[in-house]
Structures are given as C-alpha cells and as structure tokens.
There are 2 protein chains.
Amino acid sequence: MSQSHTDVSDEARAGSGGQDVADVIATEACPLTEVLEHVAGKWSIGVLVAAAHGPVRFTELERSINGISRRMLTLTLRKLERDGLLHRTVHPTVPPKVEYALTDMARELHSTLTSLIDWAERHRGAIATARARYDRVN
Amino acid sequence: MSQSHTDVSDEARAGSGGQDVADVIATEACPLTEVLEHVAGKWSIGVLVAAAHGPVRFTELERSINGISRRMLTLTLRKLERDGLLHRTVHPTVPPKVEYALTDMARELHSTLTSLIDWAERHRGAIATARARYDRVN
DNA sequence: CTGCATCCAACGGGATACTG
DNA sequence: CAGTATCCCGTTGGATGCAG
C-alpha cells in the first residue's frame, strides 16, 4: 500500500513527524481528511480569520463576513466550537451578549490560513484565466 | 498583496489595498471564498500533495490516496486542471499513459498545505477530545 | 441580541457497470 | 490504463419565521 519513496527532491518534510508527506496522506488519509474537513466548510476559514484579532460578537461576525446567513454562521460557530477551535463566552445580560474567541490551537493555524488566503489573492486572476481557457476548449 | 487583477470576464469587483486580513475577508469574502473552494474539495489536498514530488500517473494516485474512488479522482483531477493547478500530459501510447504534474502556482501552495497537514496531525487528538467532550455535554 | 426550527434546492460523493 | 455513465442518497447551505 505504501508507495515507495520515489525521489522527493525539493519539498518540505512533515516537520514534527519526520515522515514523508505523501506517506502521511497515503497511510492516514482517513483521519487526516477527517480533521481537514472541519476547517473545510465554506465559511470556516472566514470565521477563523475574522475572530483572529480578539473576542468577537455574533453580530460583528455576521456583519464582517460578507454573504453569510444567520443559520450558517451559527452552524459554523457550533462546528468550530465543537472541535475546540473556538471558545464561546455567554454574558448573562439583557440583551444577551456572546463572544467568540480562538483557542490556542486555532491561533496556531492563523499563519497558515493567512498564507492560504495570500496565495488565493495572488493567483485568483491566474485561476480565473486558466478556467476560462479550459472552458473555452472543452 | 495588491492583485494583478487581469480583469477576467465574470467579475467586476474592485481590488483592495494591502489591508488587514480580516478586512480582506470582510470586503472580499466572495471572490476569496470562491477561490478557496477549489482547494477545499474532500480530495483536492490529497491529490495536490501526492503529486508534489513529480509527474504521477492516474493509477499511482488512485493507489496512494487511500479511499478515493475512480470517479472522485477523475473529478478532482479535472477540477484542479481546470483551475490551472495541475498539468495533464497524455502519452498516445498503448496502453495509454497520462501524467499529472503540479503547475508553478500549485507548487507555491505546497508549503502551506504541508503546514495545514502538520497542524492537523499535531492536533487531531485534541480535536477528537474536544469533540467528545462537547458531545457528552450537549 | 442570539439563536433554533423548518422547508427545500443544489451539490458532493459513493457504488457499480461500461469503454476507447 | 484511464477514464465515462448512471443511479442515488446524505449533506450543505439559502430563505424565512419563531423564541429566549
């Protein structure tokens, strides 16, 4: 099952484990995919980044994340909270006030997310072009 | 962070300056989400990483990515190719031989993907724990 | 203000079978 | 070897309304 270590020329290795990334994918695809899917929701990254600079209230998130519905915000928030990425604080006041903050675990992810977004920003023009060309041919 | 914005057909959104990431999310959620979703498929990251060390054949990918179906491999491959992340080379031989390789754009993404996977590896235990606890309470 | 409930459409994705 | 073609169902996610 494990594919031989064909020359892995440039690439960075999985830092902590010392294993080859391809092997990790190959032998642990399920758990990895499983975890990755929690960050993979349509709005998860947006929420994670929007909450990165400190405790944020529900309505703030709703306003800052363009296009999200109340329902999806709630679902995304619950999902992230369940996975231990967000901490939810309820202030028993009237009107109610709820604040969401990243956990340490989620904060560790921040730079990676930033890289991802940065990459997307830099290449979305090229991606759109590539797609247009592909569609024109096919 | 200023994008080249090589104005492509379907969009008329305005560009942004180099602001805070949260602002980018806030004001450009749509295009960003749009791009991010191409990498967000259940198998996309697996394919991208599995193809990182050089040209890979269809069957190699099928074997190395645990649990993927032929159909999903094809769909994922097409999607990534369409977005300009994969290059597909067909060798007109018998039997047919098709090789997939990352484009430069995709190669730039590699270290970020590695970070993501590494993070997932490091925290999946904690995530599982958090989830179990959450479910026990609710 | 912060949600939850319900309905419903669209899409993703698995299983299986067939083909150049 | 490298796909395509169907069928089919579970999930995602949008819209709207109600509630603590």
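We name chains A, B, ... by the order of the sequence lines, and we start the count at 1 in each one.
For the side-chain contact (heavy atoms from CB on, under 4.5 Å) test, residues two or more places apart in sequence or in another chain that qualify with B:Lys97 are B:Arg57, B:His91, B:Thr93, B:Glu99. By the salt bridge (Lys or Arg N to Asp or Glu O under 4.0 Å) test, A:Arg70 pairs with A:Glu62, sequence neighbours left out. With sequence neighbours excluded, the residues that form a side-chain contact (heavy atoms from CB on, under 4.5 Å) with B:Val56 are B:Ala51, B:His53, B:Glu60, B:Leu61. Listed by chain and residue number, B:His87, B:Met105, B:Ala106 satisfy the side-chain contact (heavy atoms from CB on, under 4.5 Å) test with B:Thr103 (two or more places apart in sequence, or in another chain). Remark: B:Arg71 engages no residue in a side-chain hydrogen bond (donor to acceptor under 3.5 Å, both in side chains) (not counting sequence neighbours). Evaluation of the side-chain contact (heavy atoms from CB on, under 4.5 Å) rule for B:Val90 yields B:Arg88, B:Val98 as partners, not counting sequence neighbours.
A heavy atom closer than 4.0 Å to some atom of DNA chain C occurs in A:Arg88, A:Pro95, A:Pro96, these being the qualifying members of residues 84-97 of chain A.
In 5' to 3' order, the nucleotides of DNA chain D bounding all contacts with chain A (an atom under 4.0 Å from a heavy atom) are D:dG13 to D:dG20.
Between A:Phe58 and A:Thr74, some side-chain heavy-atom pair lies under the 4.5 Å cut-off.
A:Arg70 comes within contact range of at least one nucleobase, with a heavy-atom separation under 4.0 Å. Base contact: B:Thr74 has a heavy atom under 4.0 Å from a base atom.
B:Leu77 and B:Val47 make their closest contact through CD1-CG1, 3.6 Å (heavy atoms, listed as atom of the first residue, atom of the second, distance).
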Pairwise N/O distances under 3.5 Å, protein to nucleotides 11-14 of chain C:
{"unit_1": "C:dG13", "atom_1": "OP1", "unit_2": "B:Lys42", "atom_2": "N", "d": "3.4"}
{"unit_1": "C:dG13", "atom_1": "N7", "unit_2": "B:Arg71", "atom_2": "NH2", "d": "2.3"}
{"unit_1": "C:dG14", "atom_1": "OP1", "unit_2": "B:Lys42", "atom_2": "NZ", "d": "2.9"}
{"unit_1": "C:dG14", "atom_1": "O6", "unit_2": "B:Arg71", "atom_2": "NE", "d": "3.2"}

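More than 12 heavy atoms of other residues, nucleotides or ligands shown are found within 6.0 angstrom of CZ on B:Arg78.
Residue pairs meeting the salt bridge (Lys or Arg N to Asp or Glu O under 4.0 Å) criterion with at least one member in residues 100-116 of chain A, sequence neighbours excluded: A:Asp104-A:Arg107, A:Glu108-B:Arg122.
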